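Below you'll find the structure, written out as structure tokens, and then a few comments.
Owing to the predicted nature of the structure, the values given are computational and were not obtained by experimental measurement. All residue numbers in this chain count up from 1 along the given sequence. Only heavy atoms go into these numbers, but all of them, side chains included; no hydrogens, no water, no symmetry mates.
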Amino acid sequence: MNRTQRIIVGVLALTVMGWFAAARAGAQASSGSNTVQPRPPANNSTNGNLPNHNSPSCHGTCTGGPTNSPPLIEVREGAFDSAGTGGVAVSQNGTVSVDYNQTVSSVGFWIRVTDPESDPCSLQATIFAGIDAMDIHEWDTWDASTSSYAHIPVSFVKFPINQGVFSTPDIAHDVTLVADDGNGLTYTFHFVISVGPIPNVAPTIGVTTGTTPLAVNDGSHLPAYYGAGLADLALVITVDDNDVGNQVSLSANINRVGGVGVGTTGILASEFSSPLQTVAYQLFPASGNFDTPSVSYRIDLVATDNNPGNPSHAFFTFFIDVSGNHQPVITVTSMGNPVLNGATLTVPFGSTMSGINLAISASDPDGDDCAIAANILNTTLQLPDHPVAPDPSVPPQPAEFVVPAYTPVPATVHPLTGVFDAHFGSTHQVSLTIQDTEGGSFNFVFVIAAGPETATAEIEVRESSLGGVVVVDDAVASSARDFGLCDIHSGPTVPITVCVVNNGDSAMNLSVPTVTGVDAADFVLNVGGFTPVVAAGGFAFFQMSFDPSTHDPVTHNDKLAEIVIQHDGWNDFIGDDQVFVVRVTGESTDGGNVTITTSALNIAIVNESYSTPPLTATGGIAPYTWSLEAGSTLPPGIVLTPQGYLLGGATGPLGTFQFTLRCTDVVGTYAVRSFSLTVDDDLPPPEPPAQYGLGGGGNTCSAAGGVAPWLLLALLGVAALPRLARRRS
């Protein structure tokens, strides 16, 4: 037999032997000596009652073995540890009360299932009346038929840990748990989870006093002056409730303590009260005068919400204590006209303090000596698109608003110093405080607002064009005003343009810009065409270049200079100082001359891919940019990249091409060099190898692994055919 026939016979023999072995094993299995009988199911069950111990349970061969008892379920809630202990036991058919919006995890349910015979048990849960926040899969589906539970056959604990919320109020969740031992016995445990109602949060009462509101605390005493009115306290009562949709009412009870007679001297409880209305709302009690000295008023407020069956209340009490001293009085007039407390007095641009004829008077109903203190805040009016600028005008003098302590009243002062000539207008907030010798005081605040100048010039400087970057007066050079690195051999940089714009509504006079600073000689200023008078809405311009060749031309140096423009316009950035400074900067370097170091190029083979190593250069400031000089031409199909690579593929004709390349550094210094590139249809023949495996004197090739001489010559001939064909074509 051949090899294939021997393999087939061997496979058939192994197959027949396998059949015999299987038949013998089957005969032994049928002898019955090791037969495993199925376990008969038990049929005992209970529903939360005592287990039945009288029914047999078969484990393997039934020989009157132990009885089967049902499993048990224990439910607890509250704190527990890793062993499943702790908490409070839940009784059969019991109730667990939880709060509305309480989470399941915060209740801390856990369940223990045990079986006297160590039978693995499953657990099935049913939850009626909606499961709300509970995930039923965290309460049941403990399948005892799976190996997952075989390692805890006696006792296991389950923790329902869903983070959900009992968000349905006044509902009972009916929970039934059934444990099954797999032998026909079950145990049922039932309990109820009762969710409480939505809690009713009490409403709130807030009270403030004064034109600049100050909070009044529950139980606080507010001072009031004899003869003043309730309106002077500027009371605001705010009623609110955190429960969405609640309405709240407010009731008030007002009692006077002390003084002659009874009553509230015109204070109306109705102004402190409100029927049910949606929150939040406010009340502004203002009626009544304090015409009885040295008395106190007690105001009791009660807020009640409309929660049905479970209303909540809030209580707030405060006192108004009336002194025996009348409040001193401040009176302000301008040109004989009264200026009210909190009012704004508007004056034209250029007005003087003496011209507005301001009079400030102090008086006291009791005739007490008084003093007036003054504070003036100078704040320039901010118009749209104009940053904050200080007021260059002469401001009012606080000392001229003061009545020295203590002066017999009535007393009047007349402030005279101050000129309201800020170009865009200004505001001056005047705060006056009067105090009498009996401790009485009163605050009076008003504002003097001056209008803007009707016709003024406004200077603005922009870089490059009218729509360019706004230049901030005397700011550090940035954008194009920082010329960056420049080689001292490169000559002036490309100039930048600076535009001087008049944004005002009158003509602006300018000086011719000048360059100042220790490095001024490194910058070239061109003011040709600069206009010294710029009409409203017009502009003038000049140009600036950087040329560091005339100053310190050896090493790297930072160059700084300032372009100074004198003007009579308003500068809204740092004030009206009549000078605008444009800062410029640059950096000089001596990079040396650029030299091209590449001397020769590779031959290009027609219709084949061509590339060279990158062209190289030294000197100057890298990186370099490569380009073809005007009038020069590369071989067809060859291109030059700015990075100095010759790429592509020559398409013919054949021959040698002459051209000139330029290498330029980052500051414009450059070098040129002529090159020649030959386009041929084949490379020069390679040098022949020293030996092709042929021995001298008629010897033959070596035996092991060698290549016959005739085969090597044939391969070389085949490889040469395409090139021979190309030459003939």
Side-chain angles (χ1 to χ4, degrees), residues 209-214 216 220-235 256-261 263-267 285-297 319-345 353 356-377 396-417 428-448:
T209 182
T211 53
T212 301
L214 296 175
V216 178
S220 295
H221 288 255
L222 303 182
Y225 288 99
Y226 168 47
L230 181 64
D232 296 327
L233 294 179
L235 288 174
R256 191 179 74 188
V257 180
V260 180
T264 58
T265 63
I267 299 176
S287 298
N289 296 311
F290 304 120
D291 53 6
T292 303
S294 304
V295 298
S296 181
Y297 295 91
F319 301 85
I320 300 174
D321 300 326
V322 183
S323 70
N325 179 36
H326 284 88
Q327 188 175 35
V329 178
I330 294 177
T331 303
V332 180
T333 63
S334 175
M335 305 298 292
N337 299 314
V339 178
L340 301 179
N341 193 1
T344 297
L345 176 63
M353 182 64 72
I356 65 175
N357 193 18
L358 199 65
I360 299 172
S361 300
S363 62
D364 188 274
D366 302 320
D368 299 328
D369 293 348
C370 295
I372 295 180
N375 181 43
I376 300 176
L377 299 178
Q397 301 301 306
E400 297 182 354
F401 291 73
V402 170
V403 173
Y406 276 97
T407 301
V409 293
T412 302
V413 293
H414 298 276
L416 300 175
T417 303
H428 304 273
Q429 180 177 292
V430 182
S431 299
L432 305 174
T433 300
I434 186 171
Q435 188 167 2
D436 64 17
T437 54
E438 300 300 318
S441 64
F442 179 69
N443 295 322
F444 192 101
V445 178
F446 69 101
V447 173
I448 304 174

Apply the test side chain to side chain contact (heavy atoms under 4.5 Å, CB included) to residues I448 and M353: give CA-CA distance (whole Å), side-chain angles for both, the deciding distance (0.1 Å), then the verdict. CA-CA 10 Å; I448 304 174; M353 182 64 72; 4.1 Å; yes
Check V409 against S363 and note the closest heavy-atom contact, atom names and distance. CB-CA, 3.9 Å
Quick check: closest heavy atoms across N289 and G229, and the distance to 0.1 Å? OD1-CA, 3.6 Å
So which heavy atom on Y225 is nearest to which on S441, and how close? OH-N, 2.5 Å
Nearest heavy-atom neighbours spanning P328 and P365: CA-CD, 4.5 Å
Please round to the nearest 0.5 Å and tell me the distance separating atom OG1 of T407 and atom CG of D369. 7.5 Å
Side chain to side chain contact (heavy atoms under 4.5 Å, CB included) between V402 and I372, worked out: CA-CA 5 Å; V402 170; I372 295 180; 5.8 Å; no
Closest heavy-atom contact between I434 and A362? CD1-CB, 3.5 Å
Has the side chain of D291 got a donor or acceptor atom that lies under 3.5 Å from a matching backbone atom of G227? no
Measuring from atom CD1 of I267 to atom OH of Y297, what distance do you get when rounded to the nearest 0.5 angstrom? 5.0 Å
V430 and L345: side chain to side chain contact (heavy atoms under 4.5 Å, CB included), yes or no, with the steps? CA-CA 11 Å; V430 182; L345 176 63; over 6 Å; no
For the side chain of Q327 and the backbone of A228, is there at least one donor-acceptor N/O pair under 3.5 Å apart? no
Value for CG (D368) from OH (Y406), rounded to nearest 0.5 Å, stands at 10.0 Å
With rounding to the nearest 0.5 angstrom, report the OG to CD1 distance, S220 to I320. 12.0 Å
Please check: side-chain N/O of D366 versus main-chain N/O of H326, any donor-acceptor pairing under 3.5 Å? yes
Interatomic distance, N357 atom CG to T333 atom OG1 [nearest 0.5 angstrom]: 7.0 Å
Is the side chain of T331 donor-acceptor paired with the backbone N or O of S361 at a distance under 3.5 Å, no angle test? no
For side chain to side chain contact (heavy atoms under 4.5 Å, CB included), just list the numbers for I330 and F446, CA-CA rounded to whole Å, side-chain angles, deciding distance to a tenth of an Å, and then say yes or no. CA-CA 12 Å; I330 294 177; F446 69 101; over 6 Å; no
Looking at E400 and L416, would you say the former's side chain and the latter's main chain have a donor-acceptor pair under 3.5 Å? yes
Flag, side chain of T209 to backbone of L233, donor-acceptor distance under 3.5 Å: yes
Taking V295's backbone N and O only, do any of them form a donor-acceptor pair with Y226's side chain (distance below 3.5 Å, no angle check)? no
Enter the distance from S296:OG to D321:CG here, rounded to the nearest 0.5 Å. 4.0 Å
